[in-house]
Amino acid sequence: MVKAHTNFLNTIHRANSFIDQFENGRHGQLKHNDDLLRMAIVLSVSAMDAYFTNKFCDILIPFLKNKKPSSELIEILKKAGLNTETALDLIAMDRPYRRIRTLVESYFEQYTTQRAEVIDNLWG
């Protein structure tokens, strides 16, 4: 599993390569050299978005094993599909925490953290 920070750095490196190409005038098949800057910006914002949600998933299970979840975290788990039926299914599983992480990862595939207030709510 690639850690959130490593994935973020790899993606930012790719965004920086677009900026390097822009600065050196190597735009290949693009009609406008400015498209390289736009691509760098979009990729950087996407990297930030992925970082916050992936990091949250990375630390979720260690947190749940050691601390009582807050009402905000319980709400996120509910939105991710951790309801009473799922909780009862977890009792019989060999790896219940893995199932919780999978639920949360699936939920975050449709979640965006591109606004500061959303990031604050996630980490609140």
Asks: Can you name the residues that form a side chain to side chain contact (heavy atoms under 4.5 Å, CB included) with F8, not counting sequence neighbours?
Replies: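 Side chain to side chain contact (heavy atoms under 4.5 Å, CB included) list for F8, sorted by chain: I12, A47, Y51.
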Asks: Would you please name every residue forming a side chain to side chain contact (heavy atoms under 4.5 Å, CB included) with Y97, sequence neighbours left out?
Replies: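 Y97 satisfies side chain to side chain contact (heavy atoms under 4.5 Å, CB included) with I61, L64, K65, I100 only.
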Asks: Looking only at non-hydrogen atoms, find the nearest pair between A4 and D58 and report the distance.
Replies: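 The pair with the smallest heavy-atom distance is N-OD2, 3.2 Å.
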Asks: With L9, which residues qualify under side chain to side chain contact (heavy atoms under 4.5 Å, CB included), at least two apart?
Replies: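 With neighbours one apart ignored, the set is H5.
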Asks: Could you give the distance from CD1 (I76) to OG (S71), rounded to the nearest 0.5 Å?
Replies: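 Rounded to the nearest 0.5 Å, the CD1-OG separation comes out at 10.0 Å.
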Asks: Could you work out, with ring pair (Phe, Tyr, Trp, His ring centres under 6.0 Å) as the rule, every residue matching F18, not counting sequence neighbours?
Replies: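 With sequence neighbours excluded, F18 shows a ring pair (Phe, Tyr, Trp, His ring centres under 6.0 Å) to no residue whatsoever.
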Asks: Under 3.5 Å, which donor-acceptor pairs link side chains of residues 85-94 to any protein atom two or more places apart or in another chain?
Replies:
{"residue": "T86", "atom": "OG1", "partner": "G81", "partner atom": "O", "Å": "3.0"}
{"residue": "T86", "atom": "OG1", "partner": "N83", "partner atom": "OD1", "Å": "2.9"}

Asks: Return the set of residues passing side chain to side chain contact (heavy atoms under 4.5 Å, CB included) with I19 (not counting sequence neighbours), or none when no residue passes.
Replies: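 Once residues adjacent in sequence are excluded, the partners of I19 under the side chain to side chain contact (heavy atoms under 4.5 Å, CB included) criterion are N16, E23, L37, A40.
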Asks: What distance do F108 atom CZ and R101 atom CZ have between them, rounded to the nearest 0.5 Å?
Replies: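 Taking CZ in F108 and CZ in R101, the distance rounds to 11.0 Å.
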Asks: Measure the shortest side-chain to side-chain distance between R99 and T102 over non-hydrogen atoms and say whether it is less than 4.5 angstrom.
Replies: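 Answer yes - side chains close enough.
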Asks: What's the spacing between M48 CE and T53 OG1 if we round to 0.5 Å?
Replies: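 Interatomic distance, M48 CE to T53 OG1, rounded to 0.5 Å: 9.5 Å.
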Asks: To the closest 0.5 Å, what do you measure between CG (D20) and CG (L36)?
Replies: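 It comes to 10.5 Å.
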Asks: Going hydrophobic residue to hydrophobic residue with side-chain gaps under 4.5 angstrom, can you get from F63 over to L103?
Replies: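 The answer is yes; both residues are in one hydrophobic cluster.
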Asks: After noting the C-alpha distance and the side-chain angles of D35 and R38, does the key distance pass the side chain to side chain contact (heavy atoms under 4.5 Å, CB included) rule?
Replies: CA-CA 5 Å; D35 288 347; R38 287 184 191 90; 2.9 Å; yes
Asks: Is any side-chain heavy atom of E75 closer than 4.5 Å to a side-chain heavy atom of K79?
Replies: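 Yes, their side chains come closer than 4.5 Å.
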Asks: Please report the interatomic distance NE2(H13) to OG1(T11), rounded to the nearest 0.5 Å.
Replies: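 Those atoms lie 10.5 Å apart.
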